[in-house]
K.L.:
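One structure, pasted below without further comment.
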Amino acid sequence: MKKTLPYFAIIGIAAFAGNMINIGLSYGMHWLSLEPIAFMESFKVDFPLLLGPTTVTLMPGFIATLWLYFLHKDNKPARRYWLFAFAGLMLVNIQTVVYHLPMNLDFMALSYTAEEATSKLQGWIIFHWIRVVVAIVSGVFAIKAFQLSNNN
């Protein structure tokens, strides 16, 4: 388990980061090209479709990094990097729940005026790219932890 689980963690984090990059480069650019009300109507259809792939790509890395943190009790340097990788993914989740999810629900409910929707979407996109950067940094920490796991 200790030998294969790091592969699940690293591949899972990479898949999640790739999924998030895809959302930013495809959906994000598409949403920015729409009129605000048309965007919110489109978002109502798009968002539920994005939940499945995001969950499926997030969970393996999220669970594996936490599990590896507990498995490496005797290797403190590797354990610290597994903790950093997990903390990054946790930070992404917190940002999603606190910032993105309420806004997503308001977009779907057409709760914003056109001006508010434009402003909110621009902020959503900026903070989305912050999530992507944090996910990539989590992947770097996972790779570093894997290297230290193999050295000891």
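All values below were derived from every heavy atom in this structure, side-chain atoms included, with hydrogens, water molecules and symmetry-related copies excluded.
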K.L.:
For A38, does its backbone N or O pair with a side-chain atom of S42 as donor and acceptor, under 3.5 Å?
P.N.:
no
K.L.:
Mind checking the CG-CG spacing from N19 to L58? Nearest 0.5 Å is all I need.
P.N.:
9.5 Å
K.L.:
Can the ring centres of F146 and Y7 be said to be less than 6.0 Å apart?
P.N.:
yes
K.L.:
Taking N75 for the side chain and L148 for the main chain, is one N or O donor matched with an acceptor at less than 3.5 Å?
P.N.:
yes
K.L.:
Determine, using the 4.5 Å side-chain heavy-atom cutoff (strictly less than), whether W129 and V98 are members of one ILVMFWY cluster.
P.N.:
yes
K.L.:
Distance-only, no hydrogens or angles: does the R131 side chain make a donor-acceptor pair with backbone N or O of V92 under 3.5 Å?
P.N.:
no
K.L.:
Would the number of heavy atoms belonging to other residues, nucleotides or ligands and lying under 6.0 Å from CD of E116 be above 12?
P.N.:
yes
K.L.:
Do V134 and V97 belong together in a cluster built from hydrophobic side chains that touch within less than 4.5 Å?
P.N.:
no
K.L.:
For L51, is there any backbone N or O sitting under 3.5 Å from a side-chain donor or acceptor partner on T54?
P.N.:
no
K.L.:
Should the ring pair Y99 and F127 be called parallel, tilted or perpendicular, given that the plane angle runs from 0 to 90° and is split at 30 and 60?
P.N.:
tilted
K.L.:
Classify the angle between the aromatic ring planes of W124 and H100 as parallel (below 30°), tilted (30 to 60°) or perpendicular (above 60°).
P.N.:
perpendicular
K.L.:
Verify the cluster assignment for M103 and V45: are they in a single hydrophobic cluster under the rule of side-chain heavy atoms below 4.5 Å apart?
P.N.:
no
K.L.:
Quick check: is L25 connected to L49 through a chain of hydrophobic side chains (ILVMFWY, heavy atoms under 4.5 Å apart)?
P.N.:
no
K.L.:
Got a donor-acceptor contact below 3.5 angstrom from the H128 side chain to the I23 backbone?
P.N.:
no
K.L.:
Would you say the rings of F107 and F39 are close, in the sense that their centroids are separated by under 6.0 Å?
P.N.:
yes
K.L.:
Does some side-chain heavy atom of F62 sit less than 4.5 Å from a side-chain heavy atom of M90?
P.N.:
yes
K.L.:
Does the H72 side chain pair with the main chain of L68, one donor and one acceptor, at a distance under 3.5 Å?
P.N.:
yes
K.L.:
Could you label the plane-to-plane angle of the F84 and Y81 rings as parallel, tilted or perpendicular, counting under 30° as parallel and over 60° as perpendicular?
P.N.:
perpendicular
